[in-house]
Enquirer: 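Below you'll find the structure I mean.
Predicted, not measured: the structure shown is a model, and the values here were computed from it.
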Number of protein chains: 2
Amino acid sequence: MLADTPSPRPFSTIRWTAAQQRTMTAALDLFGMHGVSGTSLQMIADMVGVTKAAVYYQFKTKEEIVIAVAANELAILEDALLAAEAEPERPHARRVLLTRVIDLAVTRRRWVSTLTNDPVIIRVLGEHEPFRHFMSRLYAVLLDEREADDTVARVSAAVLSAAIAGSVVNPLVTELDDETLRTTLIQLTQRMLDLPDPPNG
Amino acid sequence: MLADTPSPRPFSTIRWTAAQQRTMTAALDLFGMHGVSGTSLQMIADMVGVTKAAVYYQFKTKEEIVIAVAANELAILEDALLAAEAEPERPHARRVLLTRVIDLAVTRRRWVSTLTNDPVIIRVLGEHEPFRHFMSRLYAVLLDEREADDTVARVSAAVLSAAIAGSVVNPLVTELDDETLRTTLIQLTQRMLDLPDPPNG
DNA sequence: GTCTATATGACGATAGAC
DNA sequence: GTCTATCGTCATATAGAC
């Protein structure tokens, strides 16, 4: 099930300078707390410890910062997607993807809500072809072609991804440590998938 | 299972003038498109067809608009919660709540993401006691006390609410009409709950 | 209840010194 | 690569006429 795409790793290969990475880290933290529109370049500059002009030297516009941050996050997801796409059997590929996505969602839960729900992030992801293409690869693995009804397959995939992305930010689970949340989530989503346990692990 | 609260309907009883309601409707639409921080009072005024000053006559600050809009949405949820709280049996109460919440989430899916994820909405809901109290009533019905493990109960409730709120805004289901999405979602979440079908319908 | 006009400050973004 | 200083625009919010 290898994807017949021009380049299967469009995001992981992008390189950033150290100064750019400092800016992106601060931006991601602030986006997670206040959303993209609620985060000003002054706030980012203050957190990095430089002036606004220094931030503008690293990125020409605020939008470029958003794109860089989004691409950086998708680069992490990309490894999980490639691992899933390498699996020959669809149900097993789906299980691999879910396990790794849950891993990521739990450890990076502070930023999950912004990355999946922020209006500016959604707009940017929709306007740039590499992002759109990546999302369709993700959903291709997630959609269950065994379902006779396409509607049920679509809603199931939507429920599954929403359950992961949304549950990790719920106040009910903020006090749970990563490992507990991770294990419980995998257990619950496997039950949702109605998949048998893997033979060796 | 009647809640022993001072007033069980803190939101539905609030009254607004017609002019305030026009402002709140416009604000909700714009919040849904651009988020709260991405929506200016000028945009709201333009959509209503008045000037900024006229909007400021209805609400002293932007924050007051956010509070009014949030309270208005919780008022709709309040009816669903009261119906659930009136049920003597917990599992049945949970099923009633889920069915009605899914109804609301589907028909109002344009605004669900903002209302559950926008950083400003979340901050406002956390800062005001009536909102906090309402949310704890919601979770009280949603939490499954039959679960031996509190962790599993918490994560299950988080997964369930996230699945509903998050799935209705997924691009995979935007083309589905309300009735189809509603029916499919109820079917899938009932399966998740592992509840038996109700005796009479 | 809505208007014009304005105060005050923050926003994204740029020029040019170092 | 970072700084100071600044531009033009837009933000929230207010005063006072009608």
Enquirer: Hey, does A/T39 reach any base, or is it just sugar-phosphate, or nothing, if we go heavy atoms under 4.0 Å?
Expert: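 A/T39: backbone/sugar contact only, no base atoms under 4.0 Å.
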Enquirer: Roughly how many Å is it from OH in B/Y56 to C1' in C/dC3, rounded to a whole number?
Expert: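 Answer to the nearest Å: 16 Å.
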Enquirer: Would you mind reading off the distance between A/Q42 atom CD and D/dT4 atom P, rounded to a whole angstrom?
Expert: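 Spelled out: CD on A/Q42 to P on D/dT4 is 11 Å.
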Enquirer: In whole Å, what is the span from the CD atom of B/E63 to the P atom of D/dA13?
Expert: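 Atom-to-atom, B/E63 to D/dA13, this comes out as 9 Å.
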Enquirer: What integer distance in Å separates B/I65:CD1 from D/dA13:C1'?
Expert: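 Those two atoms, CD1 and C1', are 12 Å apart.
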Enquirer: In this structure, which one of B/L142, B/T116, B/L98 forms a side-chain contact (heavy atoms from CB on, under 4.5 Å) with B/S161?
Expert: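 That would be B/L142; it is the only one of B/L142, B/T116, B/L98 passing the side-chain contact (heavy atoms from CB on, under 4.5 Å) with B/S161.
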Enquirer: C/dC11, OP1 or OP2 - any side-chain N/O from A/S40 closer than 4.0 Å?
Expert: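 For C/dC11, OP1 or OP2 has a side-chain N or O of A/S40 closer than 4.0 Å.
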Enquirer: Ignoring hydrogens and geometry beyond distance, is a side-chain donor-acceptor pair present between A/S167 and A/N170 at under 3.5 Å?
Expert: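 No - no donor-acceptor pair under 3.5 Å links their side chains.
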Enquirer: Taking only the side-chain nitrogens and oxygens of B/R22, find out if one of them lies under 4.0 Å from OP1 or OP2 of C/dT2.
Expert: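 It does, given that an N or O in the side chain of B/R22 lies less than 4.0 Å from OP1 or OP2 of C/dT2.
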Enquirer: Does a nitrogen or oxygen in the side chain of A/Q20 sit under 4.0 Å from OP1 or OP2 of D/dG1?
Expert: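 Indeed not, no polar side-chain atom of A/Q20 lies that close.
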Enquirer: At under 4.0 Å, does any side-chain N or O of A/T51 touch on OP1 or OP2 of D/dT2?
Expert: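 No, A/T51 has no side-chain N/O under 4.0 Å of OP1/OP2 on D/dT2.
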Enquirer: May I have the distance from B/I44 (atom CD1) to D/dA13 (atom P), rounded to whole angstrom?
Expert: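 The distance from CD1 of B/I44 to P of D/dA13 comes to 11 Å, rounded to the nearest Å.
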Enquirer: Does a donor on one side chain sit under 3.5 Å from an acceptor on the other, for B/E179 and B/T183?
Expert: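 There is such a pair between these side chains.
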Enquirer: Pick the closest DNA chain C nucleotide for B/A53 and for B/T17 by heavy atoms, then say which residue is nearer the 5' end.
Expert: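 Of the two residues, B/T17 wins.
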Enquirer: Any side-chain N or O of B/Y57 less than 4.0 Å from the OP1 or OP2 oxygen of C/dT2?
Expert: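 So the side chain of B/Y57 is outside the cut-off, no N or O lying under 4.0 Å from OP1 or OP2 of C/dT2.
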Enquirer: For the pair made of NZ in A/K62 and C1' in C/dA10, what is the distance, rounded to whole Å?
Expert: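 These atoms are roughly 12 Å apart.
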Enquirer: Without hydrogens or angle criteria, can the side chains of B/T23 and B/Q58 be said to hold a donor-acceptor pair below 3.5 Å?
Expert: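 No.
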Enquirer: Whole-Å distance between C/dT2 C1' and B/K52 NZ?
Expert: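 Distance, rounded to whole Å: 15 Å.
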Enquirer: Run the side chain to side chain contact (heavy atoms under 4.5 Å, CB included) check on B/V36 and B/K62 step by step: do they pass?
Expert: CA-CA 9 Å; B/V36 175; B/K62 184 182 180 182; 4.1 Å; yes
Enquirer: Can you check the B/H34 NE2 to D/dA11 P distance for me, whole Å?
Expert: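 Checked: the NE2 to P distance equals 12 Å.
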